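Structure record follows, encoded as C-alpha cells.
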Protein chains: 2
Amino acid sequence: MRTARRPGASGCGIDAAMEVIGGKWKSSILWALNERACRFGELRRMLPGVTEKVLASHLREMETDGIVHREVYDEVPPRVEYSLTPLGVTLNEALAPLGEWGREHLLGGRADHHVDATGDRVSG
Amino acid sequence: MRTARRPGASGCGIDAAMEVIGGKWKSSILWALNERACRFGELRRMLPGVTEKVLASHLREMETDGIVHREVYDEVPPRVEYSLTPLGVTLNEALAPLGEWGREHLLGGRADHHVDATGDRVSG
DNA sequence: CCGCATCCCATATGATACTG
DNA sequence: CAGTATCATATGGGATGCGG
C-alpha cells in the first residue's frame, strides 16, 4: 500500500479506492468497526489470524486515509479506541454492493444478512 | 490470489469479492472490458505498465472466476478476444459505487464522468 | 500476434520478542 | 494493554526469452 499506483490507470476511482482497502485485513477492520468503536485488543480478537504488526500498520494507514479515527485515553491502563470516521462510513456504504455481490455470486448464497452497511446504522 | 483467504473473516462477501478483484490490474481490466471486447494486445496497450505475464495471469484468473470470457479464433494470425460475462457485468455494477466513492473522496473531484459501470451500457 | 516459462525482486504478511 | 522492532516467508509482480 501507499505505493500510489499510477493515477488514471483505469480512468475511474476504483483504483484509488482499491489502494485504501487493498490491505489484506482492511475490509475486515472496516466491517468490524462499522458496528461500534473497538480497542486494539478487541480488533485483534475479532480478526483471528491478524498480527499486531499488520493490524497496527493497517490501522495507521486507514487513519492516514481518514477513514478511521484513533482516540487515545492516557489512563493508567493504556486505552485506545478506534472508530470509523464519517468518511469511513461512506466507504463502508460504497462497499456494501460489492459485499452483496460476493455473497450472492461467490459464497453462493444470500442468507438473510443483517444489513449493516447499507445505510441503516450509519449513525456511528 | 487464489489463496482462498479464510472464509468468514469479515462475515460478509467483501472478502470473497476482494479476492476476485485483488489483482493489481484486475479492476482496470474489468473497466476496460466493460466498454467492449478486446484483444490481448489491445488490453496491453490500454493498460500501460502491465506485463504479458501479469495480464495473462489476471485474465486467466478472471476467466476461472467466470467474470471474463475468452473467445479464441484459430485463424492464421492468432486472435483471441476477451469480454465480460454477464457475471462480470454485475461485478462491474457492484464496483461502481466504490469507484464513485474513490473519485469523490480520493481523487477529490466529481468530473462529469461518463457513467460506464452504472448500468447504462451493460449490454456487452 | 497470442501466450507461456523462468528467473528476480519488491512488498505484504506473519512470528516472535521487547518497550512504554 | 498498546505498539514497535526485527527476522523470516509467501506471493505478486516485473524482465526477458521461447513456443505456437
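Only a predicted model underlies this, so the values are computations on that prediction, with no experimental measurement involved.
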Rounded to whole Å, how long is the line connecting atom [atom1] of [X] with atom [atom2] of [N]?
{"X": "B/E19", "N": "C/dT13", "atom1": "CD", "atom2": "P", "answer": "14 Å"}
{"X": "A/D74", "N": "D/dC1", "atom1": "CG", "atom2": "C1'", "answer": "14 Å"}
{"X": "A/L59", "N": "D/dC1", "atom1": "CG", "atom2": "C1'", "answer": "14 Å"}
{"X": "B/L43", "N": "C/dC1", "atom1": "CG", "atom2": "P", "answer": "15 Å"}
{"X": "B/K24", "N": "C/dT11", "atom1": "NZ", "atom2": "P", "answer": "10 Å"}
{"X": "A/H58", "N": "D/dG3", "atom1": "NE2", "atom2": "C1'", "answer": "15 Å"}
{"X": "A/E61", "N": "C/dA12", "atom1": "CD", "atom2": "P", "answer": "8 Å"}
{"X": "B/R44", "N": "C/dC2", "atom1": "CZ", "atom2": "P", "answer": "9 Å"}

Exercise. Enter the inter-axis angle for the ends of the helix from C/dC1-D/dG20 to C/dG20-D/dC1 (five pairs per end, rounded to 10°).
Key: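 Answer rounded to 10°: the end axes differ by 40°.
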
Quiz prompt | With A/W101, the side chain to side chain contact (heavy atoms under 4.5 Å, CB included) member among B/L87, B/I14, B/N92 | solution =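 Testing each of B/L87, B/I14, B/N92 against A/W101, the sole residue satisfying side chain to side chain contact (heavy atoms under 4.5 Å, CB included) is B/L87.
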
Can you tell me if [X] touches the phosphate of [N], counting only side-chain N or O atoms and a distance under 4.0 Å to OP1 or OP2?
{"X": "A/W25", "N": "C/dG14", "answer": "yes"}
{"X": "A/R79", "N": "C/dG20", "answer": "no"}
{"X": "B/R70", "N": "C/dG3", "answer": "yes"}

Quiz item: Would A/M62 and A/V72 show up in the same hydrophobic cluster when neighbours are defined by side-chain heavy atoms closer than 4.5 Å?
Solution: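 Yes; tracing contacts between hydrophobic side chains, which count when under 4.5 Å, links both residues.
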
Shortest non-hydrogen contact from [X] toward [Y]:
{"X": "B/T85", "Y": "B/H69", "answer": "CG2-N, 3.7 Å"}
{"X": "A/M46", "Y": "A/C38", "answer": "SD-SG, 3.7 Å"}
{"X": "A/I21", "Y": "A/K26", "answer": "O-CB, 3.7 Å"}
{"X": "A/A32", "Y": "A/L43", "answer": "CB-CD2, 4.1 Å"}
{"X": "B/W25", "Y": "B/H58", "answer": "N-CE1, 3.3 Å"}

Quiz prompt | Residue B/R39, side-chain heavy atoms: nucleotide from C/dC1, C/dT13, C/dC4 that is nearest | solution =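 Per side-chain heavy atoms of B/R39, the pick is C/dC1.
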
Self-check item: Nucleic acid footprint by protein, nucleotides 15-20 of chain D - heavy-atom cut-off 4.0 Å, B for base, S for sugar-phosphate alone
Solution: B----B

Quiz item: Under 6.0 Å from the CZ atom of B/R79, do we count more than 12 heavy atoms belonging to anything else shown?
Solution: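 More than 12 within 6.0 Å, yes.
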
Quiz item: Which comes earlier along DNA chain C counting from the 5' end, the contact point of B/R45 or that of B/R60, where each point is its nearest nucleotide?
Solution: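 Nearest-nucleotide comparison on DNA chain C picks B/R45.
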
Practice problem: Could you tell me whether B/Y82 contacts a base, only the sugar-phosphate backbone, or nothing, with contacts defined as non-hydrogen atoms closer than 4.0 Å? | Solution: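 Contact class for B/Y82: sugar-phosphate only.
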
Quiz item: Could you go step by step and tell me if A/W31 and B/D15 meet the side-chain contact (heavy atoms from CB on, under 4.5 Å) rule?
Solution: CA-CA 10 Å; A/W31 202 88; B/D15 224 61; over 6 Å; no

